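Just so you know, these numbers use all the heavy atoms, side chains as well, and skip hydrogens, waters and symmetry mates. Since the structure is predicted, the reported quantities are computational estimates derived from the model, not experimental observations.
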Amino acid sequence: MRRGRRTIGVWACAALGWCVAAPVAGQADEPTDAAMVEPSLDADGVTLAALTAPDYRTREQATRELLTDDSRDLASLERLWGRATSLEARHRLLGVIRHRFLVEQAEAMFPAGGRGAIGVSHRTLGEITGPLTGAQVVTTLPGFPGHAFLRAGDVITAVEGRPLRAGEGVEVLSERVQQLEQGEDVRLTVWRGGNSREVAFRLGSMNALVAMYAGQALGEPFASRLAALERALWAAVEDDAGPDAPSPN
């Protein structure tokens with residue numbers, strides 16, 4: 001079986017400049033203590049810069065890369081949250097933290113074995129007018145790979161290169177995915193924004209999916225644990241900022 005993690009690094013371009021003191025007449029051009037050194041940003045600083053960039057697409061891309069970056073655990077995301085000053089950046093980070101928290105919960109309770117799961121709700125595309133055939137993603141569920149790698153509106157047209165033909169949407173997709181085990185890699189062909197692309201990721205646990213999302217809503221005890229984490233995060237930044245801190249609502 002093929003196993004592995006897809007790790008996507010989080011980087012953004014930043015325009016950084018520097019100033020150098022003009023040489024005094026008659027002196028050689030030698031480095032001086034007055035020379036300003038080009039500032040540098042660590043990885044978290046680059047990420048926060050991207051999350052607050054003027055361009056919306058840059059902010060969206062940075063959020064998506066955080067969602068798909070398995071190298072970032074919950075603790076590292078909480079540290080990033082603590083450094084954020086923009087309310088929008090905090091809300092974006094909160095969405096990533098929710099996802100990572102639920103991933104860790106699922107992996108702790110269902111560490112291995114069983115059928116694989118993507119973690120989306122979908123419908124057969126035959127229910128929608130259009131030439132495509134397959135299964136359209138309606139919602140994605142935090143804590144599962146579909147939330148990180150797929151988007152609402154995506155149309156899954158093939159699994160491991162095998163097309164989903166007319167009338168073979170949801171049921172055939174589920175059948176093919178569940179033939180694979182938790183932890184195996186799956187490759188989907190996805191139609192998004194007028195283009196077809198390949199999306200690959202490691203499958204989650206169907207047992208965890210059933211336990212966490214009975215009836216599509218996040219069930220207990222996961223919902224209570226997640227709510228407690230969110231309250232603690234907001235309380236921490238409000239304590240640091242004082243009484244004038246912006247409301248999370």
Side-chain angles (χ1 to χ4, degrees), residues 1-10 61 63-73 95-96 98-128 132-214 216 218:
M1 295 180 186
R2 295 173 296 119
R3 299 179 182 274
R5 288 180 179 268
R6 177 183 178 90
T7 304
I8 301 180
V10 182
Q61 181 65 20
T63 306
R64 185 64 55 180
E65 289 177 348
L66 281 173
L67 281 170
T68 56
D69 185 0
D70 287 344
S71 70
R72 283 191 178 270
D73 60 10
V96 178
R98 287 170 179 155
H99 172 67
R100 180 55 52 192
F101 174 80
L102 293 173
V103 166
E104 293 187 5
Q105 291 280 304
E107 290 179 346
M109 295 184 68
F110 303 91
R115 297 170 296 165
I118 296 175
V120 297
S121 66
H122 39 59
R123 58 181 172 178
T124 301
L125 197 62
E127 300 170 13
I128 309 167
L132 291 175
T133 60
Q136 185 177 51
V137 176
V138 178
T139 57
T140 63
L141 304 177
F144 291 86
H147 185 68
F149 290 92
L150 299 174
R151 305 177 188 179
D154 283 353
V155 179
I156 301 170
T157 59
V159 180
E160 295 293 336
R162 297 171 58 194
L164 296 173
R165 306 189 186 282
E168 290 186 346
V170 173
E171 291 185 1
V172 173
L173 171 64
S174 298
E175 178 184 334
R176 291 183 187 174
V177 169
Q178 292 179 43
Q179 288 174 351
L180 302 172
E181 290 189 7
Q182 170 189 353
E184 280 197 83
D185 287 343
V186 68
R187 178 172 54 90
L188 305 177
T189 306
V190 174
W191 182 264
R192 178 189 300 164
N195 296 293
S196 184
R197 65 190 68 201
E198 298 290 315
V199 179
F201 50 80
R202 185 172 58 92
L203 288 171
S205 163
M206 176 57 70
N207 291 332
L209 184 64
V210 171
M212 295 171 70
Y213 285 101
Q216 298 283 319
L218 184 63

About how many Å separate CZ of R64 and CG of D69, when rounded to the nearest 0.5 Å? 13.5 Å
Walk me through whether T157 and T189 qualify under side-chain hydrogen bond (donor to acceptor under 3.5 Å, both in side chains). CA-CA 6 Å; T157 59; T189 306; 4.8 Å; no
Evaluate the criterion side-chain contact (heavy atoms from CB on, under 4.5 Å) for residue pair V155 and V190; output intermediate values, then yes/no. CA-CA 5 Å; V155 179; V190 174; over 6 Å; no
Report, as yes or no, whether the 6.0 Å neighbourhood of atom CZ on R165 holds more than 12 heavy atoms from other residues, nucleotides or ligands. no
Taking all non-hydrogen atoms of both residues into account, name the closest pair between I118 and F201 and its distance. CG2-CZ, 4.0 Å
Separation of M109 CE from S205 OG (nearest 0.5 Å): 10.5 Å
Could you tell me whether a side-chain N or O of T140 sits under 3.5 Å from a main-chain N or O of R151, the two making a donor and an acceptor? no
Heavy-atom pair with the smallest gap, counting every atom of V170 and A135: N-CB, 4.2 Å
What pair of heavy atoms forms the shortest contact from A117 to L209, and how long is it? CB-CD2, 3.9 Å
Are R187 and E198 close enough for a salt bridge, meaning some N to O gap below 4.0 Å? yes
Rounded to the nearest 0.5 Å, how far apart are CG of D70 and CZ of R202? 6.0 Å
If we only count heavy atoms from C-beta on, is the V186 to E160 side-chain gap below 4.5 Å? yes
Please work out which of the three classes, parallel, tilted or perpendicular, describes the rings of H147 and H99, given edges at 30° and 60°. tilted
Here the gap from L188 atom CG to R176 atom CZ, rounded to the nearest 0.5 Å, amounts to 11.0 Å
To the closest 0.5 Å, what do you measure between CG (L141) and CE (M212)? 9.0 Å
All side chain to side chain donor-acceptor pair (under 3.5 Å) counterparts of T63, not counting sequence neighbours: R92
Exercise: identify the closest heavy-atom pair between A208 and F110: CB-CD1, 3.4 Å
Can you tell if the side chain of V199 reaches within under 4.5 Å of the side chain of D154, non-hydrogen atoms only? no
Do R72 and R100 come close enough that some side-chain heavy atom pair is under 4.5 Å? no
Any sub-3.5 Å donor-acceptor pair from S121's side-chain atoms to T139's backbone N or O? yes
Is there a side-chain contact between L218 and Y213 (heavy atoms, below 4.5 Å)? yes
Tightest non-hydrogen contact, residues P111 and A108, listed as CD-O, 4.0 Å
Spacing of NE2 belonging to H122 relative to CG belonging to L173, to within rounding of 0.5 Å: 4.5 Å
Minimum-distance pair of heavy atoms, taken over all atoms of V120 and L150: CG1-CD1, 4.1 Å
